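Just so you know, these numbers come straight off a predicted model, no measurement behind them. Atoms within each ligand, like the ligands themselves, are counted from 1 in listed order. Atom set for the values below is all heavy atoms of this structure, side chains included, hydrogens, waters and symmetry mates excluded.
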Amino acid sequence: MSTTSPPVRRAAPPSTRVRRFTGAQRLLHLVLAVTFFGMLWTGLCLWSPALAEVMNRPLAKQWHFYFAIALGVAFVLILILRPRDIRAIAREVDSLDRDDRTWLRGGPRRLFNHRDAPQQGWLNAGQKLNTAVTIGLLIVLTLTGLLLWLGERNNSFRFSGTVDVHDIATILIVLLTCGHLYLALVNRTTRASLSGMVDGTVDREWARAHHGRWVAEIEAETPDQSS
Ligand code: HEM
């Protein structure tokens with residue numbers, strides 16, 4: 001009589017990917033990117049007489065307004081439907097700790113060279129600053145845009161300098177976004193982050209090198225996932 005030994009249960013091999021962003025966080029980023037470029041394009045058509053021939057001013061103004069409304073509505077909807085995902089970002093940005101300050105003292109070279117960098121959490125200190133400044137500039141753009149819109153309907157909302165503040169905030173957010181796009185699409189050591197915004201996951205070893213504290217935290221929560 002042959003005896004068959006019970007099948008050996010092997011643990012699943014650890015995944016080489018880690019989940020970085022939820023669907024709601026990626027959707028919010030996508031809406032931000034689409035509406036940002038929509039507002040930039042229509043804003044340029046309002047600003048430049050040459051581009052006004054491509055898209056006339058009334059139409060550009062209408063779409064500029066629609067993109068701003070779309071961003072605001074999408075943000076409120078995602079906040080209502082997935083408050084935890086938005087709170088996670090807010091908590092992260094609000095937590096500039098000692099390691100972050102050391103990271104920042106290393107200056108912009110940290111973005112390209114991770115040697116000797118203090119271990120970073122889910123977002124590194126540069127990303128926390130980028131998020132905070134982007135949100136700040138979006139608020140300035142919304143408030144000045146609202147004043148410009150109201151000022152066309154009621155003289156008491158017209159203030160000298162509103163357009164200048166709107167323009168300066170635009171220039172700053174465009175410069176910031178150029179740097180952001182360079183790091184997300186071109187720079188060799190950081191462009192592996194792109195998949196995090198596409199399918200939500202990034203390579204575990206890349207994440208360990210760039211966001212070591214975050215990977216340690218998630219591996220401590222689900223020990224069978226660590227390699
Ligand atoms: C097609 C254009 C864009 C691409 C390919 C892109 C790519 C990315 C990627 C890959 C990340 C995740 C980085 C990580 O793993 O931590 C990210 C995060 C982020 N993106 Fe974008 N992005 C784009 C447009 C924009 C625009 C227009 C804005 C704002 C004006 C923006 C603001 C942010 C912010 C605030 C974050 C979180 C913090 C950070 O990573 O710096 N993105 N983006």
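Of all protein heavy atoms, the one closest to atom 12 (C) of ligand 1 is F21 CE1, 3.6 Å. From the protein, the heavy atom lying nearest to atom 15 (O) of ligand 1 is R20 NE, 2.8 Å. Ranking the protein heavy atoms by distance from atom 37 (C) of ligand 1 puts T131 OG1, 3.6 Å first. At the shortest separation from atom 27 (C) of ligand 1 among protein heavy atoms lies F36 CD2, 3.4 Å. The protein non-hydrogen atom at the shortest distance from atom 13 (C) of ligand 1 is Q127 NE2, 3.5 Å. Of the protein's heavy atoms, N130 ND2, 2.8 Å lies nearest to atom 41 (O) of ligand 1.
For W122, the closest heavy-atom approach to ligand 1 does not fall below 4.0 Å.
Residues satisfying the side-chain contact (heavy atoms from CB on, under 4.5 Å) criterion with L172, sequence neighbours excluded, are L137, I168. Evaluation of the salt bridge (Lys or Arg N to Asp or Glu O under 4.0 Å) rule for D85 yields no partner, not counting sequence neighbours.
The side-chain heavy atoms of R191 and L185, taken from C-beta on, include no pair separated by under 4.5 Å.
Using cut-offs of 30° and 60° on the angle between ring planes, the pair F67 and W63 is tilted.
Looking at E92 and R87, no side-chain N of the basic residue comes within less than 4.0 Å of a carboxylate O on the acidic one, giving no salt bridge. A salt bridge between E219 and R208 is present, with a side-chain N of the basic residue lying under 4.0 Å from a carboxylate O of the acidic one.
Of all the heavy atoms of L138, none lies under 4.0 Å from any atom of ligand 1, so neither backbone nor side chain is involved.
Counting non-hydrogen atoms of other residues, nucleotides and ligands closer than 6.0 Å to CZ of R84 gives a total of 12 or fewer.
Every atom of ligand 1 is numbered from 1 in the order shown, and the set under 4.0 Å from a heavy atom of T134 is 29 (C), 30 (C). Residue L194 has at least one heavy-atom neighbour below 4.0 Å for each of these atoms of ligand 1: 5 (C), 10 (C). Close approach of ligand 1 to L185 (heavy-atom distance below 4.0 Å) involves ligand atoms 5 (C).
With ring centers used as reference points, W41 lies 6.0 Å or more from F36.
A continuous path of Ile, Leu, Val, Met, Phe, Trp and Tyr side chains, each step under 4.5 Å between heavy atoms, connects L32 with L28, placing both in one hydrophobic cluster.
Protein N/O/S atoms found under 2.8 Å from atom 21 (Fe) of ligand 1: H29 NE2, H180 NE2.
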Before giving the answer on side-chain hydrogen bond (donor to acceptor under 3.5 Å, both in side chains), spell out for N187 and T189 the whole-Å C-alpha distance, their side-chain angles and the decisive distance to 0.1 Å. CA-CA 6 Å; N187 184 44; T189 63; 3.3 Å; yes

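For residues 151-184, there are no ring-ring contact (aromatic ring centres under 6.0 Å, His included) pairs, not counting sequence neighbours.
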